[in-house]
Amino acid sequence: MNLKQLDLGWSQMLKELPDLSKARNLEVLLLGGCSMLSSVHPSIFSLPKLEKLDLWNCRSLTRLASDCHLCSLCYLNLDYCKNLTEFSLISENMKELGLRFTKVKALPSTFGCQSKLKSLHLKGSAIERLPASINNLTQLLHLEVSRCRKLQTIAELPMFLETLDVYFCTSLRTLQE
């Protein structure tokens, strides 16, 4: 009940998570390197205090989607989830999102509601386009889309963007302010 942090990192044989709905105080869930983890239990989407979810290098994970809005989630790392194709998790308080080297082709159309997002890392992902709603991210300071070989257009950039990494985007044809 009082558990605030759960670190199961590098539990390489872990295939699924148990129901965590009773861990109402859980703030940090670390699952990086759990290469056999193929899904996360839906109960994590109802944790009221979850601020950090790290699924780095969970190579068997193919989907992270929820209709729930995780109000407290600030940091989500899905880097190197090489088989992740579907992503639709939204949090109004998200500050950093890592989707490096995933097979995610598109961000959710409601992506612009993540108004506190400061860093978006898409390097090496299969992203084909950025939603127009990305322009609503007024806090976005860092956008990394380098090595996104399928990305063809970046239509609009957020007004206060400080860093844009676009190197080795071999299909990029249009870049507009």
Side-chain angles (χ1 to χ4, degrees), residues 3-7 9 20-21 23-32 40-58 61 63-81 84-102 104-148 151 153-166 169 175-177:
L3 191 65
K4 289 188 176 191
Q5 180 171 323
L6 178 57
D7 187 348
L20 295 172
S21 58
R24 305 295 291 167
N25 291 313
L26 192 65
E27 296 172 0
V28 178
L29 181 54
L30 305 173
L31 299 163
V40 294
H41 196 278
S43 63
I44 70 163
F45 302 122
S46 63
L47 297 174
K49 296 182 180 179
L50 187 65
E51 293 178 8
K52 181 177 184 175
L53 178 57
D54 192 341
L55 293 158
W56 175 84
N57 203 26
C58 290
L61 190 65
R63 180 177 188 269
L64 188 64
S66 174
D67 295 335
C68 300
H69 289 279
L70 288 171
C71 295
S72 58
L73 192 66
C74 297
Y75 175 87
L76 177 59
N77 186 359
L78 293 161
D79 294 344
Y80 295 94
C81 291
L84 185 73
T85 56
E86 186 180 343
F87 170 77
S88 64
L89 189 64
I90 301 297
S91 171
E92 298 93 27
N93 290 312
M94 183 90 63
K95 292 180 182 166
E96 186 168 349
L97 173 60
L99 288 165
R100 293 177 185 101
F101 298 100
T102 64
V104 173
K105 292 181 179 180
L107 296 171
S109 58
T110 56
F111 193 70
C113 77
Q114 301 194 93
S115 59
K116 295 186 180 179
L117 191 69
K118 293 182 184 220
S119 296
L120 177 58
H121 305 283
L122 299 168
K123 179 180 181 177
S125 70
I127 200 87
E128 294 176 350
R129 61 180 171 73
L130 297 174
S133 60
I134 199 165
N135 197 37
N136 297 337
L137 301 174
T138 57
Q139 300 291 314
L140 189 65
L141 301 176
H142 309 286
L143 176 59
E144 179 186 35
V145 292
S146 54
R147 295 182 179 233
C148 292
L151 183 63
T153 303
I154 300 176
E156 289 188 52
L157 295 173
M159 181 181 282
F160 299 105
L161 193 66
E162 292 179 359
T163 306
L164 176 63
D165 291 329
V166 291
C169 289
L175 176 64
Q176 298 174 347
E177 276 188 56

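Residues: numbered from 1 along the sequence shown. Given the structure is predicted, the values throughout are model-derived calculations rather than measurements.
Proximity of L53 to V40: side-chain heavy atoms (C-beta onward) are nowhere separated by under 4.5 Å. Residues L76 and L64 have side chains in contact (heavy-atom distance under 4.5 Å, counting atoms from C-beta outward). Counting only heavy atoms from C-beta outward, the side chains of E144 and R100 approach each other to under 4.5 Å. Between L55 and L84 the shortest side-chain heavy-atom distance does not fall below 4.5 Å. Between C74 and E96, every side-chain heavy-atom pair lies at or beyond the 4.5 Å cut-off.
Remark: the H142 side chain and the S119 side chain contain no N/O donor-acceptor pair separated by less than 3.5 Å.
Ring geometry for F101 against Y80 counts as parallel: the plane angle stays under 30°, on a 0 to 90° scale with 60° as the upper cut.
Pairing each heavy atom of E156 with each of N135, the nearest pair is OE1-ND2, 2.9 Å. A pairwise comparison of heavy atoms in L47 and S21 identifies CD2-CA, 4.4 Å as the closest pair. Taking all atoms of both residues into account, the shortest heavy-atom contact from L120 to L140 is N-CD1, 3.9 Å. Listed here is the closest heavy atom pair of I90 and F111: CD1-CA, 4.4 Å. Heavy atoms only, all atoms of each residue included: A65 and S88 are closest at CB-OG, 3.1 Å. What you find for C71 and E92 is that their closest heavy atoms are SG-OE1, 3.6 Å.
Interatomic distance, H121 NE2 to N77 CG, rounded to the nearest 0.5 Å: 8.5 Å. N136 contributes atom CG, which lies 12.0 Å from atom CG of L117 (distance to the nearest 0.5 angstrom). Here the CD1-CG distance, from I127 to L107, works out to 4.0 Å after rounding to the nearest 0.5 Å. Atoms CG and CG, from L73 and N93 in turn, are 9.0 Å apart once rounded to the nearest 0.5 Å. Taking CG from L26 and CD from E51, the interatomic distance works out to 10.0 Å, rounded to the nearest 0.5 Å. Going from atom OG of S146 over to atom CG of L122 covers 9.5 Å, rounded to the nearest 0.5 Å.
A side-chain donor-acceptor contact under 3.5 Å links D79 to the backbone of L99. No donor-acceptor pair closer than 3.5 Å links the side chain of S125 to the backbone N or O of T102. When atom types are taken as modelled, the side chain of S72 and the backbone of P48 share a donor-acceptor pair closer than 3.5 angstrom.
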**Message:** Quick one, L78 with L61, criterion side chain to side chain contact (heavy atoms under 4.5 Å, CB included). Give me CA distance, side-chain angles, the key distance, then yes/no.
**Reply:** CA-CA 9 Å; L78 293 161; L61 190 65; 4.1 Å; yes
**Asked** Stepwise, does the side chain to side chain contact (heavy atoms under 4.5 Å, CB included) test hold for Q5 with L30?
**Response** CA-CA 8 Å; Q5 180 171 323; L30 305 173; 3.6 Å; yes
